[in-house]
Amino acid sequence: MSEQKLQSQTVQTTGHAWDGDLQEYNNPLPVWWVYTFYATFIFAIVYWVIYPSWPFGKGWIGGLSDISYVNSAGETKTHSWNTRALYLEDMNQAAAAQKPYFDKVQSMSYEQISRDPEITAFILSSGKALFADNCAACHQSGGQGVVGFFPNLTDDDWLYGGSYEKIHQTLVGGRRGYMPSFSEVLSAEQIGDLANYVAGLSGIPHDAAKAKAGDVLFHSETAACYYCHGADAKGRKEMGAPNLTDGIWLWAGVAAAPSSEGKVAAIRNVVSTGLAKGVMPAWGGRLSSEQIKVLTVYVHDLGGGL
């Protein structure tokens, strides 16, 4: 093969050389890579035109289609296509699809709702979403609550009542539970007597002699515990005072205590320090009347409605 032909098949160099033998070659990029690189430029320009990319004045640069949605103030807004407007449009369409069901719920009594399979199924799905968005942060996703903070909604123990009407009232107006501290009213011995009496009401092992003294104190004007919890200690729902005889403990950490002494101590701590954390916000101004009614039925049907 001639020297001229060999030179034509040899890769050209840039003319840079080091130490005489080390040369910099000029290898061209593969054709497919070059065309792909050009294609990305074309795609970027097309994408920029179709997708609204930059705010400009009252609109956007780019965007071939508009999306209209209704904002929280009830105003219809129109924007070039973007994901937020698309989301709001989807939400509007979902709300429009649900509206006939919400209207039907609003027009029916609670008893009628409980006998309507179609509306019951709607409440199960929409109520679950409403509960997850507004209630689960405190009462947990399943409504089981947190001992010492938030009530369990799946049992039949209701501080303010578990009927449809009472649950609706709780949702609309909220609740503010309170128990005064007795540490400045009673001596440590008297508080211990009360704790043993209350422990005995639900079958917790206790000191019988102290419980007898605590019984007198419970029904006396000195402690006046009977005023809120009732003479039979079964609570008063109109005041949100819990039943002390059913073995269900929300505020006192009785269930977590490993020994009977620890359980009595947990009760004594509540009597001594009191409680001011049984607060639930009012949802009357946050949710619509239809949403509150759906939540009322959903919470009632979690398993503990009365």
**Message:** Testing the 3.5 Å rule here: is there a donor-acceptor pair between the side chains of Ser126 and Gln98?
**Reply:**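 No, because no side-chain N or O of Ser126 sits under 3.5 Å from a partner of the opposite role on Gln98.
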
Distance only, no hydrogens: is a donor on one side chain within 3.5 Å (strictly under) of an acceptor on the other, for Gln169 and Tyr164?
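Looking only at side-chain atoms, Tyr164 and Gln169 do not form any donor-acceptor pair under 3.5 Å.
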
Heavy-atom donor-acceptor pair, [X] side chain to [Y] backbone, under 3.5 Å:
| X | Y | result |
| --- | --- | --- |
| Arg268 | Ala188 | no |
| His206 | Ile204 | yes |
| Lys237 | Gly162 | no |
| Lys263 | Ala257 | yes |
| Asn196 | Lys210 | no |

Looking at Glu184, I want to see if its CD is surrounded by more than 12 non-hydrogen atoms of other residues, nucleotides or ligands under 6.0 Å.
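For Glu184, atom CD is not crowded (no more than 12 foreign heavy atoms under 6.0 Å).
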
* Considering residues, nucleotides and ligands other than Glu189, do more than 12 of their heavy atoms fall under 6.0 Å from its CD? ->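 Incorrect, the count does not exceed 12.
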
Is the terminal nitrogen or CZ of Lys293 (NZ for Lys, CZ for Arg) located under 6.0 angstrom from the six-membered ring centre of Tyr110 and within 45° of that ring's axis?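 The answer is yes; both the distance and angle limits are met.
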
Cation-pi between Arg236 and Tyr226: NZ/CZ under 6.0 Å from ring centre and within 45° of the ring axis?
->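 The answer is no; the distance or angle limit is not met.
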
Say you draw a straight line from NZ of Lys212 to CG of Leu217; how long is it, rounded to the nearest 0.5 Å?
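If I round to the nearest 0.5 Å, the distance is 15.0 Å.
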
**OP:** Measure the acute angle between the ring planes of Phe37 and Phe41, then classify it against the limits of 30° and 60° as parallel, tilted or perpendicular.
**Re:**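 The rings of Phe37 and Phe41 stand perpendicular, inter-plane angle above 60°.
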
| request: Go through Asp116 and Lys104 one step at a time and tell me if the salt bridge (charged side-chain N to carboxylate O under 4.0 Å, His left out) criterion holds. | output: CA-CA 11 Å; Asp116 191 316; Lys104 191 173 182 180; 3.7 Å; yes

- Query: Do Tyr101 and Ile119 have side chains that get closer than 4.5 Å, going by heavy atoms?
  - Reply: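 With C-beta onward as the side chain, the pair touches.
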
